[in-house]
Structures are given as C-alpha cells and as structure tokens.
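Convention: sequence-line order gives letters A, B, ...; per-chain numbering from 1. Computed from heavy atoms alone, side chains included, the values below leave out hydrogens, waters and symmetry copies.
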Amino acid sequence: MELEELLHKHFGYSSFRPGQREVIEAILQEKDVMALLPTGMGKSLCYQLPAYILDKPVLIVSPLLSLMQDQVEELKRFGEKRVVALNSFLSLTEKRYVLHYLEQYRFIFTSPEMLLQQQVQDKLAQVKLGLIVVDEAHCISQWGYDFRPDYLRIGEWLSRHNRPPLLALSATATSKVMQDIRETLSLKEPFEFMYNVDRPNIHLGRIVLEDKADKASWLMRHVKETAGPGILYVSSRKRAQQYSEAFLQAGIRTAAYHAGYGAEDRQFIQQQFIDGELDWIVATNAFGMGINKQDIRQVIHESMPANIANYMQEIGRAGRDGESALAILLYSDGDEELAKFVVTGDLPSPQHVDRYEELISQQVLPAQMLKNGELGETAFRVLDYWMQQETKEQVKARLNHLALEKYHAVDEMLKIIQTKDCIREHLVGYFGQKLQKKPENCCENCGIHYDEIKKERLTAEKKIEMISWERRLQQLLMGK
DNA sequence: TTACTAGGCAAATCTGCCTAGTAAATCTCGATTG
C-alpha cells in the first residue's frame with residue numbers, strides 16, 4: 001500500500017504536510033532521523049504513521065506530563081486504545097500493571113526521569129521497539145546541562161543496547177542545539193530535515209523604552225488599542241501577576257500563567273485561552289510548549305529572552321493560521337544584566353563543588369547540602385550529576401564554561417535587539433539559513449506600519465464577535 | 001545586577017526617607033511532613 005493510502009486509512013488525511021513524507025520514508029528505511037519541524041505542522045504524525053506500518057511499539061520520550069496527556073488523548077480520539085503515559089501520575093499498582101503489559105501498547109509515552117529507572121529499563125529491554133522518539137529534543141541542549149541532567153543520561157541508556165531507529169523531533173534548530181542532539185543521542189548518520197525557520201507573516205517589532213515604568217505604560221496603551229489573542233512574556237512570576245491584574249482592571253480578559261500555579265489551574269487557564277475566553281496571557285517562559293492555538297495575533301516580550309532559540313520558539317507561537325501577526329520585543333538599557341543573572345543564578349558555585357567533595361571525603365551524603373539549605377534543588381541536582389561524571393576541577397571548569405556560554409547567548413540576543421540591519425535576516429542567518437524574500441512589514445528596521453496593523457486588529461476583533469454566535473448556541477444547548 | 005519591601009527613624013501624629021535584606025525561570029520523581 002502507498003504511504004498516502006496508509007495515511008488516509010489510519011488518520012483520514014489525503015496528503016502529507018511538508019517534511020512528513022521524507023521523515024517517514026527515512027524511518028521506514030531504518031535510518032536515524034532528526035526532524036526540525038515547526039509546532040502545529042504535524043510533527044507527531046511522523047511517528048504515529050510508522051507505528052502502524054512497523055507494527056511494533058513506539059517509545060516516545062517527552063519533556064512534560066501535560067504534553068504526554070495531550071498526545072495520549074489525541075491518539076485516543078483517533079480510536080487508538082493501545083496508548084499509555086508511563087509517568088508519576090500512575091499509582092504504584094497502575095505502574096506495575098503498565099510495565100507488566102508493556103509490549104502490548106503501541107505508543108508508550110514517558111519522561112527521561114522515568115525512563116532511567118532500573119525497573120523501566122529492565123522491562124524495556126524485553127520489548128521489541130520499532131522506533132524510539134525523543135520529542136522536543138532541544139530540551140537535551142536547553143535543559144540537559146543545568147536543569148534536568150537526566151536528559152543527558154538518555155544518551156547513555158541508548159548506547160547500552162541494540163536500539164531501533166531513533167527520531168529526534170524539535171522546532172528549535174540552531175546549529176548548537178542540533179549538534180547537542182546528534183552527540184547526546186549518538187545519532188548514526190541521521191537523515192536531517194529542517195524547515196524554513198522564517199515566518200513571513202510575523203512582523204518583528206522592537207521598541208526601546210526608557211525603563212520599566214515606561215514599558216508598563218506603553219504596554220497598557222498598546223494592549224487597550226489592539227486586539228488579542230496575545231501572549232505577554234515577562235521575566236518573573238510576580239510581574240506576570242502584576243500585569244495580569246492591571247490588564248484585568250482595564251477590562252481586558254487576562255490571566256497570569258507561571259509554574260507557581262498548580263497543574264489544574266494551568267490546564268484551566270490554557271484551555272480558556274485556547275477557547276478564546278481570554279485575550280491575553282501574561283506568562284513566564286513556563287507557557288508555550290505544546291500549545292496549539294492557531295490564531296495568536298501577538299507575542300510581546302516585556303523583558304529579554306535568554307537566547308535566540310527561546311525567542312524564536314516563543315514568537316513562533318503567533319500566527320500559526322498564516323494570517324499576519326505581531327511580535328514585539330521591548331528593551332530598555334541594561335535588560336541584559338538581569339537576563340544574565342537569572343540564567344546563571346542557579347548554577348552551583350566553585351565553593352559548592354569543594355563542599356560536595358569535602359562531604360564525600362567525610363563519607364557524608366552530599367544531599368546533606370540540600371537539607372542544610374546550602375544550595376537550591378536545581379543546583380544540587382546539577383552538581384550531583386556532574387560530580388558523578390567528572391573530577392572536581394573538571395566540574396568547576398565546566399560550570400564556569402556553562403555560565404560563559406549563557407552570557408554569550410544573552411549577548412547574541414542583544415545583538416539582534418541592537419542591530420540596525422534587517423532583524424529577520426539576522427535571525428534567519430543565526431539558524432544558518434538565508435532569507436528568501438523580505439515580506440511587507442518585515443521588521444522594525446525595515447519599517448512596520450503599526451497603525452495599519454492596529455486597524456487590521458480591530459477588524460479582526462469584529463470578526464471574532466461574529467463567529468461567537470456558535471459559542472452562544474453551544475452555551476444555550478449546554479444550559480449555561 | 002537590579003529593584004522591591006520591610007523596618008527604623010525623624011518629625012509630626014501621618015508621611016517620607018534611608019538602609020539592609022531578599023528575590024528574580026524552566027520539570028519530573030519520590031521521600032517526607034503536617
């Protein structure tokens with residue numbers, strides 16, 4: 001049967017989206033694949049279809065519990081029952097059950113942390129997997145070194161046994177991220193597919209303001225004059241709270257979103273935003289992964305993103321429907337200092353390294369440091385990982401190098417902000433690509449007609465109102 | 001590095017200024033605690 005026929009049979013689609021066919025063919029030829037596809041372009045189909053063709057279980061390593069849940073539900077909507085999320089949501093009994101019948105599932109979603117548990121590995125060794133997928137593989141690079149070291153351990157696990165082909169999926173594709181993925185996962189001469197990173201329908205604004213207060217008044221004005229849906233990214237939970245309250249007082253349907261909220265609240269806010277019940281989300285970088293909302297019209301950064309990869313991911317959430325969208329980065333002098341502080345603030349210090357070694361030599365568990373409050377949980381996890389890998393001096397050098405890399409990444413971002421040339425060209429160039437064509441309203445330096453965009457927004461708002469009869473009808477039927 | 005907050009103090013009975021202390025993002029798992 002042709003691939004198209006299989007696609008139609010299993011998912012009801014008549015044709016592939018760009019990249020899907022190439023990726024699937026490579027997998028079927030038992031090649032390792034690194035596929036860099038924008039979110040919302042059907043990344044998951046790249047493993048879903050092969051799962052049916054290969055007729056063997058597929059293991060998907062996913063960074064977020066919520067992402068796993070979403071994907072499990074999506075597959076269930078397609079009528080697939082043999083799908084499971086193996087994570088800490090399961091009770092001990094459930095986990096035991098799932099592990100016992102593991103080979104009977106077609107799709108097994110799990111976290112890196114769970115994957116590294118001995119009992120899980122033992123069981124997986126007995127299952128003949130058809131494909132291993134590392135979803136959102138940029139997390140290896142973004143989180144592995146200084147946040148979730150288990151991302152780096154995935155590679156060790158993979159190299160230990162005879163594995164099936166591996167598919168690394170991501171939407172972030174800087175050369176450094178790609179290199180980290182290749183190395184950590186030991187991809188064997190991978191087939192690589194990379195989409196065009198440019199998103200011509202997103203206008204790239206950059207506005208330099210005096211200070212924080214200036215930003216606040218600019219934002220209030222802007223948000224009142226233009227329509228959402230939009231995401232405002234801020235640098236702290238507290239500020240997310242403050243802005244969302246201010247917007248609410250101005251009569252704008254807004255919610256704050258950050259990791260300080262529980263899973264249920266976050267799910268609820270996210271759903272409200274997706275359903276069009278909120279105009280703005282004011283969020284920390286916790287918001288975004290796995291969000292598939294087509295009509296986000298604006299993404300504004302109130303403070304500097306830590307690096308270009310994050311920036312691209314965050315603005316890339318706008319305009320998935322192909323309609324015009326606006327990304328605005330607000331900057332005031334010295335913003336980079338705070339960004340640098342925040343991204344390196346959690347790294348263990350050389351003193352922590354010495355202390356760790358001291359405790360080891362005294363035959364005291366290093367976790368004592370954590371109990372004494374000598375350093376935070378993240379810092380300890382990172383320190384503990386590296387101290388098991390390398391000598392004291394190597395770890396010190398590594399941590400120093402990590403901090404320098406992070407500073408450098410902030411500086412690269414700053415260059416984008418400060419450039420007097422085309423911002424789009426600069427951004428695309430950072431990903432090793434060449435800009436094909438400059439769109440209208442390209443970027444701040446090429447010229448953006450903000451007034452026209454504002455008008456467009458207002459018309460868009462009316463359109464939304466017209467559609468809402470559907471919603472009203474639904475409410476009537478539901479008796480709300 | 002920055003910027004907000006609490007607390008102390010002067011001078012006046014509420015307010016303002018200064019200083020020291022503190023906090024600033026991302027996740028999962030599992031052990032411990034109230």
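Remark: C1' of B:dC27 and CG of A:L116 are 14 Å apart, rounded to the nearest angstrom. In this structure, OH of A:Y331 is placed 14 Å from C1' of B:dT2, rounded to the nearest angstrom. Atoms OH (A:Y261) and P (B:dT26) sit 12 Å apart, rounded to a whole Å. In this entry the distance linking CD of A:Q241 with P of B:dA25 reads 12 Å, nearest Å. The nearest whole Å value for the distance from the NZ atom in A:K406 to the C1' atom in B:dT1 is 17 Å. Following rounding to the nearest Å, A:L338 (CG) and B:dA25 (C1') show an atom-to-atom distance of 11 Å. Here B:dC27 presents its P atom at 17 Å from CD1 of A:I154, a figure rounded to the nearest Å. For A:E302 and B:dA25, the CD to C1' distance is 14 Å, given to the nearest whole Å.
One P atom belongs to B:dA11, the other to B:dT19, and the distance between them is 16 Å to the nearest Å. A gap of 16 Å separates the C1' atoms of B:dC14 and B:dG8, to the nearest Å. Comparing B:dA12 with B:dC17, their P atoms are spaced 14 Å from each other, to the whole Å. Using C1' as the reference atom, B:dT28 and B:dT5 are 33 Å apart when rounded to the nearest Å.
Pairing each heavy atom of A:P112 with each of A:D150, the nearest pair is CB-O, 4.1 Å.
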List every contact pair, protein side and nucleotides 3-7 of chain B side both N or O, where the distance is under 3.5 Å.
residue : atom : partner : partner atom : Å
B:dC4   : OP1  : A:K212  : NZ           : 2.3

Distances under 3.5 Å between nitrogen or oxygen atoms of protein and nucleotides 28-32 of chain B:
residue : atom : partner : partner atom : Å
B:dT28  : OP1  : A:L65   : N            : 2.3
B:dT28  : O3'  : A:S111  : OG           : 3.3
B:dC29  : OP1  : A:S88   : N            : 3.4
B:dC29  : OP1  : A:S111  : OG           : 2.8
B:dC29  : OP2  : A:S88   : N            : 3.1
B:dC29  : OP2  : A:S88   : OG           : 2.2
B:dC29  : O3'  : A:Q117  : NE2          : 2.9
B:dG30  : OP1  : A:Q117  : OE1          : 3.2
B:dG30  : OP1  : A:Q117  : NE2          : 2.0

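Note on A:R153: nothing from the nucleic acid sits closer than 4.0 angstrom, heavy atoms only.
At least one donor-acceptor pair under 3.5 Å links the side chain of A:S159 to the backbone N or O of A:E156. Looking at A:R320, its side chain never comes within 3.5 Å of a backbone N or O of A:D295 through a donor-acceptor pair. Between the side chain of A:E314 and the backbone N or O of A:H301, no donor-acceptor pair lies under 3.5 Å.
Of the candidate nucleotides B:dC27, B:dA25, B:dA24, B:dA25 has the atom lying nearest to any side-chain atom of A:T284.
Ring stacking holds between A:F147 and B:dT26, with the centres under 5.5 Å apart and the planes within 30 degrees of each other.
Listed by first and then second residue, the salt bridge (Lys or Arg N to Asp or Glu O under 4.0 Å) pairs involving residues 343-361 of chain A are A:D354-A:K392, A:D354-A:K396, A:R355-A:E358, A:R355-A:E374 (not counting sequence neighbours). Evaluation of the ring pair (Phe, Tyr, Trp, His ring centres under 6.0 Å) test over residues 362-420 of chain A, restricted to residues two or more places apart or in two chains, returns none. Screening residues 239-251 of chain A for side-chain hydrogen bond (donor to acceptor under 3.5 Å, both in side chains), with sequence neighbours left out, gives A:R239-A:E302, A:Q241-A:H258, A:Q241-A:Y261.
Summarising the local packing, CD of A:E264 is surrounded by 12 or fewer heavy atoms from other residues, nucleotides or ligands at distances under 6.0 Å. Atom NZ of A:K76 has 12 or fewer neighbouring heavy atoms from other residues, nucleotides or ligands inside a 6.0 Å radius.
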Discussion item. Could you go through A:T174 and A:I308, starting from their C-alpha distance and side-chain angles, then the distance that decides it, and tell me whether this counts as side chain to side chain contact (heavy atoms under 4.5 Å, CB included)?
Written reply: CA-CA 9 Å; A:T174 67; A:I308 295 177; 5.6 Å; no
Worksheet item: How far apart are the C-alpha atoms of A:K43 and A:E136, what are their side-chain angles, what is the distance that settles it, and do they pass the salt bridge (charged side-chain N to carboxylate O under 4.0 Å, His left out) test?
Response: CA-CA 10 Å; A:K43 266 191 303 197; A:E136 307 289 352; 3.8 Å; yes
Practice prompt. I would like to know whether A:Y101 and A:Y105 meet ring pair (Phe, Tyr, Trp, His ring centres under 6.0 Å); could you show each step before the answer?
Written response: CA-CA 7 Å; A:Y101 293 105; A:Y105 293 99; 8.2 Å; no
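Stem list for DNA chain B (at least 3 consecutive Watson-Crick or G-U pairs, distances under 3.5 Å): B:1-10 with B:15-24.
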